[in-house]
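Everything on this sheet refers to the single structure shown next.
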Amino acid sequence: MRTVDWVERAIRIIDQTRLPAELVSIDIREVDELVVHIRSLAVRGAPALGVAGALGMALAACRSAERGGDLDADLAVAAEKLVGARPTAVNLSWGVEQLASARGGGAGVEELVKAALAIRDADIEINQALSDRGAQLLAGARRVLTHCNAGALACVEFGTALGVIERLHAAAPLEMVYVCETRPLLQGSRLTAWELGRRGIPHRIIVDSAAAGLLLGGEVEAVVVGADRIAANGDVANKVGTVSHALAAGYAGIPFVVAAPESTIDFSTESGAGITIELRDAEEVLALAGHRVASPGSTGWNPAFDVTPAALVTAIVTERRTIDGRADGRDAGGAGSAANPG
Ligand code: MRU
């Protein structure tokens with residue numbers, strides 16, 4: 001089953017809020033419903049959000065045609081709602097913009113659907129290509145650590161950081177993947193561990209705060225994560241907690257690799273300081289699995305992402321190139337220009 005797909009002029013998603021207990025899908029026929037499911041993280045992860053954004057615009061076009069609406073006005077309303085659903089992952093606005101510009105170029109409803117399906121299909125090939133590149137870069141690493149979920153569940157059917165891990169495992173069995181549980185919503189322990197388990201890849205879930213000690217203790221040979229937005233200078237926004245792993249990896253002299261498609265690079269944002277970090281409901285921090293555990297009356301703060309400075313990134317691997325983390329993201333770089341982690 002694909003994480004996000006197009007079935008009978010509706011969007012079909014795996015409901016990730018129900019995993020790992022149940023593998024169920026939801027069919028979405030209206031943009032407003034899609035926005036609710038994006039906000040609740042039923043569909044999540046930067047590449048999946050990019051595809052959801054593009055398919056969301058196709059959905060708006062189909063409904064507009066069925067209702068005899070004004071296509072341009074309906075697409076403008078849909079675009080605003082979709083882009084506003086989650087602010088940090090640039091892929092969401094990228095997917096929406098791809099469709100808006102197709103419409104600007106004169107595309108009708110059927111061409112818009114085709115354009116969205118092409119974005120869906122390209123996601124699979126792109127992630128396979130960047131995963132191959134990442135696995136070449138980290139060849140030989142047998143004990144790796146990852147954060148959040150950058151697997152098939154964050155994309156269409158093949159992951160980014162977890163794609164690299166799968167490719168490494170296919171080349172020579174991995175000894176251990178350390179999976180940070182990823183508080184507060186547990187994308188690591190719920191989703192990444194589920195994906196690794198299905199693929200028979202050995203893994204252990206750790207609390208996020210165990211990672212630094214593990215890295216400094218020499219247990220891990222590489223850290224590989226995904227990204228939600230990469231600024232032009234190479235600063236990387238990813239799930240909150242990522243920068244702690246980058247700091248520890250840097251101190252321990254372990255490669256810290258970011259695996260992401262080119263569409264995650266936002267050349268219009270100069271540095272990480274310009275990236276909007278989504279602030280989510282503090283209740284997610286104050287509760288565990290929906291039950292309040294924090295001291296009554298205490299308040300919380302819940303940024304969903306943090307920014308890792310480019311100086312802490314060994315390399316960014318995309319489908320086209322390997323970028324030295326310390327180089328300017330606008331530099332075309334090219335394969336082989338990354339710092340050699342070996
Ligand atoms: O809040 P989420 O679950 O959407 O956050 C996802 C992440 O931070 C992922 O690491 C990132 O989107 C890359 S997914 C290939």
Side-chain angles (χ1 to χ4, degrees), residues 127 129-148 150-151 159-180 188 192 196 201-204 206 208 210-228 230 233-239 241-261 264-265 272 306-329 331 333-342:
N127 294 342
L130 70 86
S131 295
D132 286 337
R133 185 182 295 285
Q136 277 165 23
L137 188 70
L138 293 174
R142 302 269 68 85
R143 298 185 304 278
V144 300
L145 180 139
T146 191
H147 190 72
C148 195
T160 58
L162 217 54
V164 173
I165 288 172
E166 274 183 46
R167 291 293 203 241
L168 279 172
H169 185 68
L174 291 175
E175 281 172 34
M176 190 56 65
V177 179
Y178 290 96
V179 177
C180 294
T192 298
L196 290 169
I201 301 179
H203 61 280
R204 268 189 196 141
I206 58 171
D208 303 327
L214 197 68
L215 293 170
L216 297 185
E219 268 309 300
V220 172
E221 293 161 307
V223 177
V224 54
V225 296
D228 284 84
I230 300 171
N233 73 341
D235 290 349
V236 174
N238 191 47
K239 179 52 57 191
T242 301
V243 67
S244 313
H245 308 323
L247 284 162
Y251 191 84
I254 295 166
F256 178 90
V257 171
V258 174
T264 302
I265 305 177
D306 60 27
V307 174
T308 297
L312 293 174
V313 178
T314 308
I316 298 169
V317 286
T318 78
E319 67 276 26
R320 283 206 286 113
R321 55 195 172 140
T322 301
I323 305 163
D324 184 322
R326 287 158 289 265
D328 193 301
D331 175 359
S337 71
N340 183 349

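The structure displayed is predicted, hence computed values, not measured ones.
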Would you please test R167 and V164 for side chain to side chain contact (heavy atoms under 4.5 Å, CB included) and show each step? CA-CA 5 Å; R167 291 293 203 241; V164 173; 5.8 Å; no
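Once rounded to the nearest 0.5 Å, the distance linking CZ of R143 with CE of M176 reads 10.0 Å. If you take NE2 on H169 and CZ on R142, they are separated by 9.0 Å, rounding to the nearest 0.5 Å. Atom CG of L162 and atom CG of L168 lie 10.5 Å apart (nearest 0.5 Å). For the atom pair L216 CG and I254 CD1, the distance stands at 7.5 Å (nearest 0.5 Å).
Considering every non-hydrogen atom in both G159 and S131, the closest pair reads O-OG, 3.4 Å. Nearest heavy atom pair, residue T264 against residue A227, reads CG2-O, 3.5 Å. Residue T322 comes nearest to A315 through the heavy atom pair CG2-CB, 4.1 Å, listed as atom of the first residue, atom of the second, then distance. Minimum heavy-atom separation, T160 to G226: OG1-CA, 4.2 Å. Of all non-hydrogen atoms in A141 and E221, the two that sit nearest each other are C-OE1, 3.6 Å. Among all heavy-atom pairs drawn from I323 and R321, the shortest one is CD1-CZ, 3.6 Å.
With respect to V236, the side-chain contact (heavy atoms from CB on, under 4.5 Å) criterion is satisfied by exactly one of V307, I230, I265, L312: I230.
Not one N or O on the side chain of T146 forms a donor-acceptor pair closer than 3.5 Å with the backbone of V179. No donor-acceptor pair under 3.5 Å is formed between the side chain of D235 and the backbone N or O of P309. Distance alone, capped at 3.5 Å, places no donor-acceptor pair between the E319 side chain and the L130 backbone.
Residues satisfying the salt bridge (Lys or Arg N to Asp or Glu O under 4.0 Å) criterion with E219, sequence neighbours excluded, are absent altogether.
At least one side-chain heavy atom of L214 sits under 4.5 Å from a side-chain heavy atom of I206. Between C148 and V225 there is no side-chain heavy-atom pair separated by less than 4.5 Å. Residues L137 and V317 are in side-chain contact: their nearest non-hydrogen atoms beyond the backbone lie under 4.5 Å apart. Contact annotation: the side chain of L196 approaches that of I165 to within less than 4.5 Å [non-hydrogen atoms, C-beta and beyond].
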Give the table of side-chain donor-acceptor pairs shorter than 3.5 Å for residues 242-250, with sequence neighbours excluded, one pair per line with atom names and distance.
{"from": "T242", "atom 1": "OG1", "to": "N238", "atom 2": "ND2", "distance (Å)": "3.0"}
{"from": "T242", "atom 1": "OG1", "to": "K239", "atom 2": "O", "distance (Å)": "2.6"}
{"from": "H245", "atom 1": "NE2", "to": "H147", "atom 2": "ND1", "distance (Å)": "2.9"}

